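Notes to accompany the following structure.
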There are 2 protein chains.
Amino acid sequence: MVLAMHVNEAPAPDLDAPRRSRGRPRKSADERDDGNRRQELLRVAAHLFRTQGFDATSTRDIAAAAGMRSGSPFYHFESKEALLAAVMLEGMERALQRQADAMAQAAADAQPQSLSARDCLRVLVRNHFDVLVGPESDFIPVMLYEWRSLSTSERSAVKALKDRYETVWVPVLDALHASGELSGDVRLARLLIFGALNWTAQWYRPNQRASLDALTDTALQLFLKDKA
Amino acid sequence: MVLAMHVNEAPAPDLDAPRRSRGRPRKSADERDDGNRRQELLRVAAHLFRTQGFDATSTRDIAAAAGMRSGSPFYHFESKEALLAAVMLEGMERALQRQADAMAQAAADAQPQSLSARDCLRVLVRNHFDVLVGPESDFIPVMLYEWRSLSTSERSAVKALKDRYETVWVPVLDALHASGELSGDVRLARLLIFGALNWTAQWYRPNQRASLDALTDTALQLFLKDKA
DNA sequence: CCTACCGATCGGTAGG
DNA sequence: CCTACCGATCGGTAGG
């Protein structure tokens, strides 16, 4: 039998003090929003999951980073796993939106000519780098590297978004294969290309040697041949 | 104050029974070796770390998989982190040995001509796939994907071996760049290439569609141009 | 290498 | 969203 008498948790650091010192807290635009604390939890959870890993991050870490007490994240999320799933879904939805925007913008800029397959791939690769290692890029690396920790019941929903994201690349790569600019089995080539790109989350550090534009150039040079 | 009275752990499953039923345990060649249990711990730890992740694997899981009681791994390893470091070091030493053997074998087979840079890369890539996703390939994926969990004091030793492994590739890629078979910044290209290869640990399943030979062909086709 | 255990921490919850 | 807490599990250890 286990008898455990727990002392009080450490007294709360006076997190609200700076706000209180300005008098009664005004409800500013983003504090009024009900979803605000939920969004903040997603943001700090994504950051901690990315930097420390899902298992190494406690729900207490997340609560503290969001300025809450230890039990409060469970008011917004059923479980730690549900929070992980929400991070991944939020990340994929943003990535899909960004990808669609980038393609639409590039198509608009190219008018009246249409984009070449090579130009399309350049846009997709450049946007992928933004999503992976650009600003506010914690969500997608969490999805890529913490997949194992996602409960099996939530995997299909995340996978559906992932498949939609990758499907956009397929006709582009097919066209490049048809023109002789991409050699070899297209399915395997696609998996290898995603690997090369996704792995940058492991080593790329912003403001270091290579810019994301330069990295995009190198990637295209590496993967593509000159048009036959 | 915490008072905790723990009941006995679950009674030991009679792990030695099959061996005992043959009478007094004979010390066979590998049971006699003092390092045998240590090697077995490394093997099962590598497998569990790979499939579940370091944080999600308890030292009790490891002990059970090796047929020991919960405290016994600490007779062989100072800490769970030391066990992780040992898995990574063992994996890198084996990978270096295999890489050297593969290059020596290829050079011997090619006599009296010397190997082309392209042939060298093929040997390196093929061997890398073996190390990553071939039989007994748990060690290197653990090194690649659990780096975060490695204590900072042990990182430099693992990194030294990793650098030695990658250094072998540098002159090969330089030669391919000089001949026009590899385009773009060589350092960035090398990082992208390792990414493409290392990511296969995420999706490749043996005995499935593509063999490692076919995957090697596709990789070379993807990365290399025809000789100018 | 096993037995028996410790102190710490974790995810999660009832009630307000 | 906080307070106060539970039951479980974890890494690790003393002594044999």
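If you're wondering where the values come from, they're calculated on a predicted model, not measured in any experiment. Throughout, protein chains are lettered first and strands after them, A, B, ... in sequence-line order, and every chain is numbered starting at 1. Values below: every heavy atom of this structure, side chains too, minus hydrogens, waters and symmetry copies.
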Legend entry - N/O (side chain, A/Thr59) to phosphate O (OP1/OP2, C/dG11) under 4.0 Å: yes
Legend entry - Any A/Ser72 side-chain N or O less than 4.0 Å from OP1/OP2 of D/dC2: yes
Inset, instruction - For the residue pair A/Tyr145 and B/Trp199, categorise the inter-ring angle as parallel (less than 30°), tilted (30 to 60°) or perpendicular (more than 60°). - result: perpendicular
How close or far is atom [atom2] of [N] from atom [atom1] of [X], stated in whole angstroms?
X	N	atom1	atom2	value
B/Phe49	D/dG11	CZ	C1'	12 Å
A/Lys80	C/dC10	NZ	P	9 Å
A/Ile62	C/dG11	CD1	P	8 Å
B/Arg37	C/dC2	CZ	P	8 Å
A/Leu41	C/dG11	CG	P	14 Å
A/Tyr75	C/dT13	OH	C1'	15 Å
B/Leu83	D/dG12	CG	P	10 Å
B/Leu48	D/dC10	CG	P	12 Å

Which nucleotide in [options] has an atom nearest any side-chain atom of [X]:
X	options	result
A/Arg60	C/dA4, D/dG11, C/dG11	C/dG11
B/Ser70	C/dC2, C/dA4, C/dG11	C/dA4
B/Phe74	C/dG12, D/dT3, D/dG11	D/dG11
B/Ser58	D/dG12, D/dC10, C/dC2	D/dC10

Legend entry - Salt bridge present between B/Glu146 and B/Arg50 (N-O < 4.0 angstrom): no
Legend entry - Test: B/Asp217 and B/Arg122 ion pair at under 4.0 Å: yes
Legend entry - Residues forming a salt bridge (charged side-chain N to carboxylate O under 4.0 Å, His left out) with A/Glu154, sequence neighbours excluded: none
Legend entry - Donor-acceptor under 3.5 Å (B/Arg190 side chain, B/Leu173 main chain): no
Inset, instruction - Find the runs of at least 3 consecutive base pairs, i with j, i+1 with j-1 and so on, that include DNA chain D, using Watson-Crick or G-U wobble geometry with both distances under 3.5 Å. - result: C:1-16 with D:1-16
Legend entry - Row check, B/Trp147 ring normal vs B/Lys159 NZ/CZ: under 6.0 Å, within 45°: no
Inset, instruction - With B/Lys80 as the cation and B/Phe74 as the aromatic partner, state whether NZ or CZ is under 6.0 Å from the six-membered ring centre and within 45° of the axis. - result: no
